[in-house]
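These notes concern the structure reproduced below.
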Amino acid sequence: MSRLYGEPIEVWVRDGQPAQFVWRDRLYAVREVQDHWVVAREWWKTSDADPGERRFWRVEAASGRQVGTYELRFDTAGDGWLLLRAWD
């Protein structure tokens, strides 16, 4: 079962993909990228230079002994990350 969050997170990227993130004051290390996709929409554009993309990653990550699956989203316009979903 998954839960929706949509909460801002801080992410460290390595080789173009998330390597670590902080959510609710806990550091998570990405163990595996399970999926990656990009969605582009014209109405997301904030300028002509903005591709209007949202980049999504489904990752397995661990914080201490707690391991879970998380969906992260990067917004190219705002240069910000969200934790969208977590699976139990």
Side-chain angles (χ1 to χ4, degrees):
M1 181 169 115
S2 69
R3 295 178 191 200
L4 294 173
Y5 292 97
E7 296 178 11
I9 58 173
E10 186 174 352
V11 177
W12 289 266
V13 176
R14 184 181 312 122
D15 298 327
Q17 59 188 21
Q20 295 181 324
F21 61 93
V22 173
W23 178 47
R24 295 183 173 178
D25 297 323
R26 294 187 75 179
L27 177 65
Y28 292 80
V30 174
R31 296 168 55 153
E32 177 187 6
V33 173
Q34 297 175 337
D35 200 2
H36 174 249
W37 65 99
V38 177
V39 178
R41 298 286 186 256
E42 189 68 29
W43 63 84
W44 284 340
K45 289 185 173 191
T46 59
S47 70
D48 288 337
D50 177 14
E53 291 180 350
R54 304 298 186 264
R55 299 177 186 164
F56 298 84
W57 282 265
R58 183 168 298 130
V59 300
E60 178 184 270
S63 179
R65 293 182 182 219
Q66 177 185 347
V67 178
T69 302
Y70 304 90
E71 188 173 296
L72 314 179
R73 184 187 87 184
F74 178 71
D75 178 353
T76 58
D79 201 31
W81 289 86
L82 294 176
L83 187 132
L84 291 180
R85 183 183 307 262
W87 281 263
D88 295 338

Atom CZ of R73 and atom CZ of R85: how far apart are they, to the nearest 0.5 Å?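 Going from the CZ atom of R73 to the CZ atom of R85 covers 12.5 Å.
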Drop me the distance from E10's CD to L27's CG, to the nearest 0.5 angstrom.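 Going from the CD atom of E10 to the CG atom of L27 covers 9.5 Å.
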Under a single-linkage definition using a 4.5 Å side-chain heavy-atom cutoff for Ile, Leu, Val, Met, Phe, Trp and Tyr, are [X] and [Y] assigned to the same hydrophobic cluster?
| X | Y | result |
| --- | --- | --- |
| F74 | W12 | no |
| I9 | Y5 | yes |
| W81 | V33 | yes |
| V13 | V30 | yes |

May I ask you to test the [X]-[Y] pair for a side-chain heavy-atom distance under 4.5 Å?
| X | Y | result |
| --- | --- | --- |
| R55 | W57 | yes |
| L82 | L72 | no |
| V59 | Y28 | no |

Shortest non-hydrogen contact from A61 toward F21: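 Heavy atoms only, the tightest pair is CB-CE2, 3.7 Å.
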Residue pair A29 / Q20: nearest heavy atoms and the distance that separates them: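 Distance-wise, the nearest heavy atoms are CA-CG, 4.3 Å.
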Mind checking salt bridge (Lys or Arg N to Asp or Glu O under 4.0 Å) for R65 and listing every partner two or more places apart, or none if nothing turns up?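 Listed in chain order: nothing, the list is empty.
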Should we say atom CZ of R14 is surrounded by more than 12 heavy atoms from elsewhere, each under 6.0 Å from it?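 Incorrect, the count does not exceed 12.
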Contacts of type side-chain hydrogen bond (donor to acceptor under 3.5 Å, both in side chains), residue W23, not counting sequence neighbours: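 Partners of W23 under the side-chain hydrogen bond (donor to acceptor under 3.5 Å, both in side chains) test: E7.
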Filter on salt bridge (Lys or Arg N to Asp or Glu O under 4.0 Å), then keep only pairs touching residues 26-36, sequence neighbours left out; what's left?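 For residues 26-36, and leaving out neighbouring residues, the salt bridge (Lys or Arg N to Asp or Glu O under 4.0 Å) pairs sorted by first residue read R31-E60.
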